[in-house]
K.L.:
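I'd like to ask you about the structure that follows.
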Amino acid sequence: MQSRVNNNTIIILEIEDKIQWHPAFCSAMELELREYKKYLRYEREHNLGKMPLKIDFLVIRKNPSVTIKNDIGDFFLGHNIFEYKSPGDDMNIGTFYKALSYACLYKSEAGNVSEILDMDITVSLVREQKPVILLEQLAEKYEVIKKADGIYRISGLLFPIQILATGELDPKTHVWVTSLTRTIDRIRTQRLLNSCSELEDDEDRRNADSVVNVTSEANIELFKRMIQEGDQMCEELKEMLAPEIMEFKIRLADKDAKLADKDARLADKDAKLADKDARLADKDAEIAKLKKMLTDAGIKI
């Protein structure tokens, strides 16, 4: 039994290892800021010169005079760098200084270094869990202010920096980025799907698809139950998510087939072991019978 549990666990871990968290995060951030999309430019995996280094997500303000009324985006200046950590990944002081170095390299690669002022760059580090140790270390040297639930601002460095703990953000206000988790519940899932159904822009809907796909992969059992129960999603949502549901069902079928194949192989192995045990038992019984016959005949063995 222990062997079967381990095999099933390995398959689930293999599926989770393939989850594309970073593209979904970029999509989620674009949706969080969609009200201001015409004033912003987004770059995913921005290359830093000729070096094999990439900024996860870059937001450039096209119109500095526009006020962004969003508790994540009200922090923005001209050039805004995001470093994202997938659920479960560590965020420590090394991560912090790496993000700072990206900001320095980003400034240095400008054709004219003076084109991008030091105070026109911000850095945002994003992780689901609050990096408690990192914040404590930073508080020893710099000013750390909790601007809102899940939003921590650090001042006193070369660039303004914020740390976002998405697990603490308001899930109603920040539906998209808070959905990138392995622990979403039914209520938040329904809110996510309802938010998807309200989107009209094609680009927004593509971004929503990316978020839903990753959320479903990371919470496969919950989505499986919701799809099977059916009545948890209105017909409009079912129609909107038809491609994703079909792909999801294919992944489920593939996963179930792999599990069934492993179970079949284990059952066959168990059957062979049982057959071997039966033959050994028959052999032991035959030996015992022969020993008795020899003993009855007065032959010592």
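Residue indices begin at 1 and follow the sequence shown.
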K.L.:
Step by step, work out the side chain to side chain contact (heavy atoms under 4.5 Å, CB included) result for T189 and L192.
P.N.:
CA-CA 5 Å; T189 300; L192 170 63; 5.5 Å; no
K.L.:
Would you find more than 12 non-hydrogen atoms of other residues, nucleotides or ligands less than 6.0 Å from I187 atom CD1?
P.N.:
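Open.
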K.L.:
Identify all side-chain donor-acceptor contacts of residues 62-69 below 3.5 Å with residues at least two apart in sequence or on another chain.
P.N.:
unit_1 : atom_1 : unit_2 : atom_2 : d
K62    : NZ     : K38    : O      : 3.3
N63    : OD1    : S65    : N      : 3.1
N63    : OD1    : S65    : OG     : 2.5

K.L.:
Consider salt bridge (charged side-chain N to carboxylate O under 4.0 Å, His left out). Of K37, R206, R34, which one does D201 pass it with?
P.N.:
K37
K.L.:
As a test of understanding, state which of D71, D149, T166 forms a side-chain hydrogen bond (donor to acceptor under 3.5 Å, both in side chains) with H174.
P.N.:
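Answer after filtering D71, D149, T166: D71.
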K.L.:
Do R205 side-chain atoms and L199 backbone N/O form a donor-acceptor pair below 3.5 Å?
P.N.:
yes
K.L.:
Between L164 and Q162, does a side chain to side chain contact (heavy atoms under 4.5 Å, CB included) hold up when you go through it step by step?
P.N.:
CA-CA 6 Å; L164 305 177; Q162 68 176 354; 3.8 Å; yes
K.L.:
Report yes if some heavy atom in the side chain of S124 is under 4.5 Å from a heavy atom in the side chain of I161; otherwise report no.
P.N.:
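Side chain of S124 against side chain of I161, heavy atoms only: no contact under 4.5 Å found.
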K.L.:
Determine the interplanar angle of the F57 and Y42 rings, folded into 0 to 90°, and report it as parallel if under 30°, tilted if 30 to 60°, perpendicular if over 60°.
P.N.:
parallel
K.L.:
One pair to check against side chain to side chain contact (heavy atoms under 4.5 Å, CB included): S155 and Y142. What are the steps and the verdict?
P.N.:
CA-CA 6 Å; S155 57; Y142 311 106; over 6 Å; no
K.L.:
If you count heavy atoms of other groups shown closer than 6.0 angstrom to CD1 of I60, is the number above 12?
P.N.:
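Counting other residues, nucleotides and ligands, CD1 of I60 exceeds 12 neighbours.
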K.L.:
Parallel, tilted or perpendicular: which one describes the rings of F25 and F82, with boundaries at 30° and 60°?
P.N.:
tilted
K.L.:
For R41 and V59, indicate whether the former's side chain and the latter's backbone hold a donor-acceptor pair under 3.5 Å.
P.N.:
no
K.L.:
Quick test of your reading of the model: are K98 and D56 salt-bridged, counting only N-O distances below 4.0 Å?
P.N.:
no
K.L.:
For R44 and S27, which I'm curious about, is there any donor-acceptor pair between the side chains at under 3.5 Å?
P.N.:
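Yes.
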K.L.:
If I compare all heavy atoms of G78 with all of D120, which pair ends up nearest, and what's the gap?
P.N.:
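Closest approach of G78 to D120: N-OD1, 2.8 Å.
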K.L.:
How about T95 and N92: do any of their side-chain heavy atoms sit closer than 4.5 Å?
P.N.:
yes
K.L.:
Can you check whether N213's main-chain N or O pairs, donor with acceptor, with S216's side chain at less than 3.5 Å?
P.N.:
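Between the backbone of N213 and the side chain of S216 there is a qualifying donor-acceptor contact (under 3.5 Å).
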K.L.:
Counting only heavy atoms from other residues, nucleotides and ligands, does the tally under 6.0 Å from CD of E43 exceed 12?
P.N.:
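Counting other residues, nucleotides and ligands, CD of E43 exceeds 12 neighbours.
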